[in-house]
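Worksheet: the structure to be examined is printed underneath.
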Amino acid sequence: MRNLVLIVTCMVVSQLTEAQLKTSSICPPISVDLIAGSVNNMHPESPWAEIYKVFPCFTEAIEEPSATGCAGVFLRDKGINFYTYRDYIEITSNFGGKMTPAIMGTDRNSLFKSFGLPQTKDFVWDAYQTRYGTMVVFADKDGKINRIIISTKSTATMRLCD
C-alpha cells in the first residue's frame, strides 16, 4: 500500500513540475510609427511568416489564403492586428505600446498639423493620404480617435474585414 501511495505521489509531482517548465512567448515592445506606416518595422505588405516570427505572442494566426480573405497575425490583447491578405494594420483602443505621433484618444479634428486635411471624411472616420498609402482614423461619439488603420492601398481599393 505504501508503494502505491508513493508511486501516485511521484506521478502527481512530476505532472506539476512539467507544467512549470512550459515557456510563454515574450512579446517585444510594440512601437507604431504612423508617419512611416509601420509597427516594429513591419509594414502592411510584410509577409505573414515574417510577422509571425517577430510577434510570437500573437493571440491568433490565420494562414493565407483563408476562406474569409481575412488572414493575418492578430495580437488582440495588445491592440494590434495585421491583416496580411488585405495589406493593412489595425490599431485598436486597447493599444498600450508607443505610438508616434500619439493620436489615440485625441480629438479627430486635431490631426491637421501632422497629416494635413483628410482626403475623405465621414461621420465616424477620416482618411488621410500618406506617403505609404492611406491612414484611416475612426472616432467615437465624442470625436476621440479609438481605431486606426494603416494601409498601402487607397480608400477606393481598401477592403476591411469585419
Side-chain angles (χ1 to χ4, degrees), residues 23-162:
T23 60
S24 60
S25 298
I26 304 295
C27 202
I30 300 174
S31 179
V32 174
D33 185 342
L34 295 174
I35 303 298
S38 66
V39 176
N40 289 29
N41 294 318
M42 297 284 108
H43 297 275
E45 292 181 329
S46 293
W48 183 92
E50 190 175 333
I51 296 167
Y52 184 88
K53 275 194 256 180
V54 170
F55 294 105
C57 56
F58 59 86
T59 54
E60 182 180 15
I62 301 171
E63 290 189 57
E64 296 176 6
S66 72
T68 63
C70 292
V73 179
F74 308 99
L75 292 86
R76 297 191 200 297
D77 61 333
K78 308 279 188 236
I80 294 280
N81 299 308
F82 294 86
Y83 290 91
T84 54
Y85 192 73
R86 296 199 178 175
D87 295 331
Y88 74 89
I89 301 170
E90 174 186 49
I91 302 120
T92 62
S93 60
N94 66 326
F95 176 70
K98 179 183 172 196
M99 182 181 294
T100 307
I103 65 169
M104 190 67 77
T106 64
D107 189 276
R108 74 187 267 196
N109 297 317
S110 67
L111 301 182
F112 178 77
K113 187 176 177 183
S114 298
F115 300 101
L117 292 172
Q119 179 185 22
T120 310
K121 196 167 179 66
D122 189 59
F123 292 111
V124 294
W125 59 267
D126 299 331
Y128 293 87
Q129 180 67 46
T130 62
R131 66 180 176 185
Y132 55 82
T134 306
M135 179 183 73
V136 181
V137 296
F138 293 83
D140 62 15
K141 62 181 174 55
D142 297 325
K144 303 294 182 197
I145 297 170
N146 62 1
R147 182 175 163 213
I148 303 165
I149 303 284
I150 53 179
S151 175
T152 56
K153 301 184 185 272
S154 69
T155 54
T157 59
M158 187 186 312
R159 290 181 40 224
L160 301 180
C161 294
D162 294 327

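Only a predicted model underlies this, so the values are computations on that prediction, with no experimental measurement involved. Side chains are part of it too, since the values below use all heavy atoms of this structure and drop only hydrogens, waters and symmetry mates.
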Backbone of [Y] reached by a side-chain donor or acceptor of [X] within 3.5 Å:
{"X": "Asn146", "Y": "Gly105", "answer": "no"}
{"X": "Ser38", "Y": "Asn40", "answer": "no"}
{"X": "Asp126", "Y": "Val137", "answer": "no"}
{"X": "Gln129", "Y": "Gly133", "answer": "yes"}
{"X": "Asp33", "Y": "Ala36", "answer": "yes"}
{"X": "Ser46", "Y": "His43", "answer": "yes"}
{"X": "Thr84", "Y": "Glu45", "answer": "no"}

Within a strict 4.5 Å, meaning less than it, do heavy atoms of the [X] and [Y] side chains meet?
{"X": "Tyr88", "Y": "Thr152", "value": "no"}
{"X": "Glu90", "Y": "Ile150", "value": "no"}
{"X": "Met135", "Y": "Ile149", "value": "no"}
{"X": "Asp107", "Y": "Lys144", "value": "yes"}
{"X": "Phe95", "Y": "Ile30", "value": "yes"}

I'd like to know whether the aromatic ring centres of Phe58 and Phe82 sit less than 6.0 Å apart in this structure.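 Here the rings of Phe82 and Phe58 have centres that are no less than 6.0 Å from each other.
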Distance-minimising heavy-atom pair for Arg86 and Leu160: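 Arg86 and Leu160 have their closest heavy atoms at NH1-O, 3.3 Å.
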Looking only at heavy atoms, what is the nearest atom pair of Tyr132 and Ser151, with distance?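 Shortest heavy-atom separation between Tyr132 and Ser151 comes out as CD1-O, 3.5 Å.
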Within a reach of under 6.0 Å around [atom1] of [X], are more than 12 heavy atoms found that belong to other residues, nucleotides or ligands?
{"X": "Lys98", "atom1": "NZ", "value": "no"}
{"X": "Tyr52", "atom1": "OH", "value": "no"}
{"X": "Tyr85", "atom1": "OH", "value": "no"}
{"X": "Arg76", "atom1": "CZ", "value": "yes"}

For the pair Phe74 and Tyr83, name the ring-plane relationship: parallel under 30°, tilted 30 to 60°, perpendicular over 60°.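 Correct class here is perpendicular.
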